[in-house]
Amino acid sequence: MGSLHLSLFTSPAKRRTMSQKGKYTIGLGIEDPPHLQPGSRVEIKPRGFGYRGAWFSAIIIKRDTPIYSNHFVVKFTDLYLDKNTGTRPLKKMSIVFIRPQPSPQRPRKFKIGDNADAYHMNGWWEGVIVVELQDDNYVFLFHSEYQWPKCLVFGVSQLRLHRTWFGGYWMPPALESELDVEEVQREEEPTKITMEMEELSEGALVEVANDEDGFNRAWFAAIIVKPVGNNRYMIQYDTVQTEDNTGLGKEMDIVQIRPRPPDIPVPDQFEMLDQVEALYKGGWWKGVIINVLSEDSKYQVYLATHEEMEFKHSNLRLHQDWVHGKWTKPSPVI
């Protein structure tokens with residue numbers, strides 16, 4: 001009892017130690033839960049403008065100092081790429097905005113009114129199912145006031161039932177029948193995809209993202225020159241030229257590289273609210289058809305840069321997403 005009594009009057013900083021296994025212990029032998037241990041994969045809800053309402057994947061690096069603070073040093077896997085160093089800087093996040101990475105679940109049927117999360121722009125966005133369509137597609141209404149357009153169509157593979165992490169438990173809890181029987185395989189899937197990308201040979205035709213904030217508003221045609229290690233490649237642009245008219249070369253992270261998308265013919269014309277990509281300044285920029293002009297097959301497009309511009313039919317293509325190593329169907333706007 002004596003040692004216990006003395007420990008209660010020891011300063012908090014002295015009571016906080018590191019266990020032999022490297023886990024932080026707080027107070028009287030109490031340690032951080034498993035999902036907050038260094039190296040654990042978690043989901044974090046950033047507070048920055050443009051990210052509110054979405055959960056993004058990250059890795060716990062360590063508890064912030066002082067040890068008794070409620071902040072952790074983390075590294076996001078899909079956000080905040082520093083274009084100068086090619087690395088992702090460490091961020092300090094409050095424990096309030098950190099939760100475990102949910103276990104993979106089987107694809108499920110949704111009904112109107114179900115609270116769900118949709119995989120969009122490298123994160124899981126909270127919202128609600130408002131319309132059930134054919135072929136396991138659903139109209140999803142975003143909760144975030146910063147997301148535009150407010151509604152998109154998602155396939156069942158891009159949706160999951162929304163759950164809240166509260167008091168160390170998921171609410172509602174996941175039933176055993178909902179969990180994916182191939183959970184281990186799916187957890188290893190990103191590694192498999194990474195390996196496939198690492199095996200890109202010299203001369204492979206790809207597209208590379210124009211920005212480093214995770215939103216990938218535009219994609220530029222490029223060629224793989226050579227791998228340089230640490231999941232990075234030297235690429236050469238097809239459409240961006242230097243002063244001597246040669247393709248500009250640049251070192252890129254693997255998350256900014258994708259295969260060139262398959263062509264989806266649109267023989268007649270695009271329709272209002274089609275999600276498209278517009279050829280502009282040498283790259284394909286995300287946008288939405290907001291007006292079909294009668295003359296010369298032209299369209300007014302609202303770009304992800306919040307600009308409105310006119311484009312010819314020949315300078316547009318349907319938008320596609322490269323998700324978990326597969327091309328997904330364009331998501332029509334409602």
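Since we're looking at a predicted model, the values are computed, not measured.
Not a single donor-acceptor pair under 3.5 Å links the side chain of Arg108 to the backbone N or O of Arg160. Listed for the Thr77 side chain is a donor-acceptor partner under 3.5 Å among the backbone atoms of Ser57. Side chain of Ser40 to main chain of Pro34: a donor-acceptor pair is present (N/O by atom type, distance under 3.5 Å, no hydrogens or angles). A donor-acceptor contact shorter than 3.5 Å links the side chain of Asp253 to the backbone of Val255. In terms of modelled atom types and a separation under 3.5 Å, the side chain of Thr164 and the main chain of Phe166 share no donor-acceptor contact. Judged by distance alone, with hydrogens and angles left aside, the side-chain atoms of Tyr299 form a donor-acceptor pair with the main-chain N or O of Phe270 at under 3.5 Å. Here the side chain of Trp170 pairs no donor or acceptor atom with the backbone of Arg163 at under 3.5 angstrom. Here the side chain of His313 pairs a donor or acceptor atom with the backbone of Val266 at under 3.5 angstrom. Although no hydrogens or angles enter the test, the distance criterion places a donor-acceptor pair under 3.5 Å between the side chain of Arg260 and the main chain of Val206.
Pairing each heavy atom of Leu279 with each of Gly282, the nearest pair is CD1-C, 4.3 Å. A pairwise comparison of heavy atoms in Pro46 and Met93 identifies CA-CE, 4.1 Å as the closest pair. Contact detail for Gly155 and Asn137: the closest heavy-atom pair is CA-OD1, 3.2 Å. Nearest heavy atoms, Gln320 versus Arg258: O-NH1, 3.6 Å. When all heavy atoms of Glu132 and Tyr138 are compared, the closest pair comes out as CG-CE2, 3.6 Å. When every heavy atom of Ile235 is checked against every heavy atom of Val225, the shortest pair comes out as C-CG2, 3.7 Å.
Residues Glu207 and Arg317 are paired through a salt bridge, judged by an N-O separation under 4.0 Å between the basic side chain and the carboxylate. Under a 4.0 Å N-O distance rule, the pair Lys109/Asp136 qualifies as a salt bridge.
Phe220 and Leu205 are members of different hydrophobic clusters when ILVMFWY side chains are connected at heavy-atom separations under 4.5 Å. Connection of Trp322 to Trp284 is not established within any shared hydrophobic cluster, with ILVMFWY side chains joined at heavy-atom distances below 4.5 Å, either directly or through further cluster members. A chain of hydrophobic side-chain contacts below 4.5 Å, direct or via other Ile, Leu, Val, Met, Phe, Trp or Tyr residues, connects Val153 to Val130. Linking Ile, Leu, Val, Met, Phe, Trp and Tyr whenever their side-chain heavy atoms come within less than 4.5 Å puts Leu318 and Val292 in one cluster. Connection of Ile129 to Leu161 is established within a shared hydrophobic cluster, with ILVMFWY side chains joined at heavy-atom distances below 4.5 Å, either directly or through further cluster members.
The CG atom of Asp321 sits 4.0 Å away from atom OG1 of Thr328, with the distance rounded to the nearest 0.5 Å. Rounded to the nearest 0.5 Å, atoms NZ (Lys92) and CG (Asp64) are 4.0 Å apart. Trp125 contributes atom CH2, which lies 14.5 Å from atom NE2 of His162 (distance to the nearest 0.5 angstrom). In this structure, the separation between CZ on Arg99 and NZ on Lys45 is 7.5 Å, given to the nearest 0.5 Å. Remark: Gln236 CD to Ile224 CD1 distance equals 11.5 Å, nearest 0.5 Å. Note that CD of Gln101 and CD of Glu43 are 6.0 Å apart. Values are rounded to the nearest 0.5 Å.
A ring-centre distance under 6.0 Å is not found for Phe56 and Phe76. Aromatic ring centres of Phe140 and His120 lie farther apart than the 6.0 Å criterion allows.
Screening Tyr119, Phe142, Phe154 for a ring pair (Phe, Tyr, Trp, His ring centres under 6.0 Å) with Trp124, the sole residue that qualifies is Tyr119.
Atom CD of Glu251 has more than 12 neighbouring heavy atoms from other residues, nucleotides or ligands inside a 6.0 Å radius.
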TODO: Verify side-chain contact (heavy atoms from CB on, under 4.5 Å) between Gln275 and Leu152, making sure each step is shown before the conclusion.
DONE: CA-CA 10 Å; Gln275 274 201 298; Leu152 287 175; 3.8 Å; yes
Checking Ile95 against Phe72 for the side-chain contact (heavy atoms from CB on, under 4.5 Å) test, could you report, in this order, the C-alpha distance in whole Å, the side-chain angles of both residues, the deciding distance, and whether it holds? CA-CA 7 Å; Ile95 193 174; Phe72 285 79; 4.1 Å; yes
Problem - Residue pair Asp117, Leu159: steps toward the side-chain contact (heavy atoms from CB on, under 4.5 Å) verdict - result: CA-CA 6 Å; Asp117 299 333; Leu159 296 168; over 6 Å; no
Next item on the list: Check the pair Glu308, Gln300 against side-chain contact (heavy atoms from CB on, under 4.5 Å), reporting the backbone distance first and the verdict last.
Entry: CA-CA 7 Å; Glu308 294 183 13; Gln300 191 171 5; 3.0 Å; yes
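Residues that satisfy the side-chain contact (heavy atoms from CB on, under 4.5 Å) test with Ile112, not counting sequence neighbours, are absent from this structure.
Put simply, the side chain of Ser297 does not reach to within 4.5 Å of the side chain of Lys312, judged on heavy atoms. In this structure, Ile289 and Glu271 have side chains that are not in contact, with every pair of non-hydrogen atoms separated by 4.5 Å or more. Contact check for Lys75 versus Leu90: side-chain heavy atoms found under the 4.5 Å cut-off.
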